[in-house]
Student: 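One structure coming up, written as structure tokens, with questions to follow.
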Amino acid sequence: MAADPNAWYYCLTHRTVERGVGCRGADRMGPYPDEATAQRALDLARQRTESEDQADREWGKR
């Protein structure tokens, strides 16, 4: 899948935000709608993981 030239990505290798074509896809997170969201990529991933972990714990209590 080709990178969206208007979308923002977070490069895990360089720990920087990139727009459009940049580092290889396996090294990036995204796409994100704007630069500010891409800058928060790791925090967003952490929050989603914590939310899913909590859902798993709740499901296990049933």
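Remember, predicted model here, so these are calculated numbers, not experimental data.
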Student: Can you list the steps and then say if Val17 with Tyr32 is a side-chain contact (heavy atoms from CB on, under 4.5 Å)?
Tutor: CA-CA 10 Å; Val17 173; Tyr32 297 98; over 6 Å; no
Student: Test your reading of the model: is there a side-chain donor-acceptor pair from Ser51 to the backbone of Gln47, 3.5 Å cut-off?
Tutor: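 Flag not set: sc Ser51 to bb Gln47 has no pair under 3.5 Å.
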Student: Enter the distance from Leu44:CG to Thr49:OG1 here, rounded to the nearest 0.5 Å.
Tutor: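 Going from the CG atom of Leu44 to the OG1 atom of Thr49 covers 10.5 Å.
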Student: Under the side-chain hydrogen bond (donor to acceptor under 3.5 Å, both in side chains) definition, can you give me all pairs with a residue in residues 17-26, not counting sequence neighbours?
Tutor: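 Listed by first then second residue: Glu18-Arg28, Arg24-Asp27.
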Student: Side chains of Gln54 and Glu58 only: does a donor on one sit below 3.5 Å from an acceptor on the other?
Tutor: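 Glu58 and Gln54 do have a side-chain donor-acceptor pair below 3.5 Å.
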Student: Before accepting this row, confirm whether a basic side-chain N of the pair Arg46/Asp43 lies closer than 4.0 Å to the acidic partner's carboxylate O.
Tutor: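 The answer is yes: the pair qualifies as a salt bridge.
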Student: What donor-acceptor contacts under 3.5 angstrom involve side-chain atoms of residues 8-16, with partners at least two apart or in another chain?
Tutor:
from, atom 1, to, atom 2, distance (Å)
Tyr9, OH, Asp4, N, 3.0

